[in-house]
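See structure below.
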Number of protein chains: 2
Amino acid sequence: MVVYGSADEAADHLFHALADATRRDIVRRCMRDELSVSRLAQAYPMSFAAVQKHVAVLERAGLVTKRRHGREQLVRTAPEAVRRARRVLDELEATWRGRVDRMARLLGQDPEPGEDSPTKGQEK
Amino acid sequence: MVVYGSADEAADHLFHALADATRRDIVRRCMRDELSVSRLAQAYPMSFAAVQKHVAVLERAGLVTKRRHGREQLVRTAPEAVRRARRVLDELEATWRGRVDRMARLLGQDPEPGEDSPTKGQEK
DNA sequence: CCCATATACAACCATTTAGTTGTATGTTAG
DNA sequence: CTAACATACAACTAAATGGTTGTATATGGG
């Protein structure tokens, strides 16, 4: 799974978090209101602990934040979250059509996968 | 990993495929040119078979297509691919601010996670 | 104070992933 | 034809995932 600089790691976490229907649903729900974890848990056919873990994954990816209110933990989708994911996709396109391609040609080395940036430092 | 109707499944595959830096890099490279699998493999610090598998994951997600040319298999990023991923993100927002919320209120039932559409078909 | 609720977290299990190696099958260049 | 190359695919391993149950710790209401 390679190590990667924090840039790639952030994208890894983001997309990984979105790659599960339950988590996407949590994101949707928590865009409208703040919901406690137990409230959320009631909505899915799985244990409280399982939902707790899903929320943790979303939190690690920066897609939601938690805020304590009394004895409950209110979950809310980070306002900028989905937008941020979209930006990563944009960069995915941009990296190619702009920077990399152009720079490689300027340097006179053809921009093909000869041996450059083997996954590692790519745009980190 | 649960069954899901094909709609969610497609999103699962899409985001899962994007949740790996090597695969994102393959997507970038193959937007510019068509590249053979072995050509791609040279670019990463892993075996040919490993890269082959990454390409398979991308293919399953509809992010790239393969086309035979002689003895090589040329990989190319699906033109519409990234755009499609972005659309899923848009829907993620839209579902909330438009449809679900509004409909639920119209129906007079509060749109909270009581038990409605628990991600649907989540029962494995 | 006592209890029910809301969360946290550890331990465990089954499945998937990401990688490996090894072998088989096509295809093209000589 | 044959050798070298490009791919396909099976089998195996280590680690990560997604889920479970069980236990511990806060907190709020009466």
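- One finds no salt bridge joining A:Glu9 and A:Arg60 here, because no Lys/Arg side-chain nitrogen approaches an Asp/Glu carboxylate oxygen to under 4.0 Å.
- Nucleotide D:dG18 holds its C1' atom 13 Å from the CZ atom of A:Arg60, rounded to whole Å.
- Rounded to a whole Å, the CZ atom of B:Phe48 is 17 Å from the P atom of C:dT23.
- The environment of CZ in A:Arg76 is sparse: at most 12 heavy-atom neighbours from other residues, nucleotides or ligands sit within 6.0 Å.
- Under a 4.0 Å N-O distance rule, the pair A:Glu91/A:Arg86 does not qualify as a salt bridge.
- At D:dG29, none of the side-chain N or O atoms of A:Arg71 fall inside 4.0 Å of OP1 or OP2 (strictly under the cut-off).
- For the pair A:His69 and C:dT7, the criterion of a side-chain N or O lying under 4.0 Å from OP1 or OP2 is not met.
- In this structure, the nucleotide among C:dT20, D:dT7, D:dG19 sitting nearest to the side chain of B:Met46 is C:dT20.
- The distance from atom CZ of B:Arg67 to atom C1' of D:dA6 is 15 Å, rounded to the nearest whole Å.
- No option in A:Asp33, A:Asp25, A:Val27 other than A:Asp25 meets the side chain to side chain contact (heavy atoms under 4.5 Å, CB included) test with A:Arg29.
- Considering only the side chain of A:Glu72, C:dA6 comes nearest among D:dG18, D:dA6, C:dA6.
- Regarding B:Gln42, its CD atom lies at a distance of 14 Å from the C1' atom of D:dT7, rounded to whole Å.
- Nearest-nucleotide assignment on DNA chain C puts the 5′-proximal partner with A:Lys66, out of B:His54 and A:Lys66.
- The nearest whole Å value for the distance from the CG atom in B:Asp12 to the P atom in D:dG18 is 10 Å.
- Between A:Ser38 and C:dT7, a side-chain N or O to OP1/OP2 separation shorter than 4.0 Å is present.
- The distance between atom NZ of A:Lys53 and atom C1' of C:dC9, rounded to the nearest whole Å, is 10 Å.
- Closest to the side chain of A:Gln73, out of D:dT7, C:dA11, C:dA8, is C:dA8.
- Residue A:Ala50 is the one, among A:Ala50 and A:Gly70, whose nearest nucleotide of DNA chain D lies closer to the 5' end (criterion: closest heavy atom).
- Put simply, A:Ser47 has a side-chain N or O that comes within less than 4.0 Å of OP1 or OP2 on D:dT20.
- Here the P atom of nucleotide C:dT17 and the CG atom of A:Asp20 are 12 Å apart, to the nearest Å.
- Rounded to a whole Å, the NE2 atom of B:His16 is 11 Å from the P atom of D:dT17.
- Checked for salt-bridge contact, B:Glu34 and B:Arg39 miss the test: no charged N lies under 4.0 Å from a carboxylate O.
- The listed nucleotides are D:dA8, C:dT7, C:dC9; the one nearest the side chain of B:Gln52 is D:dA8.
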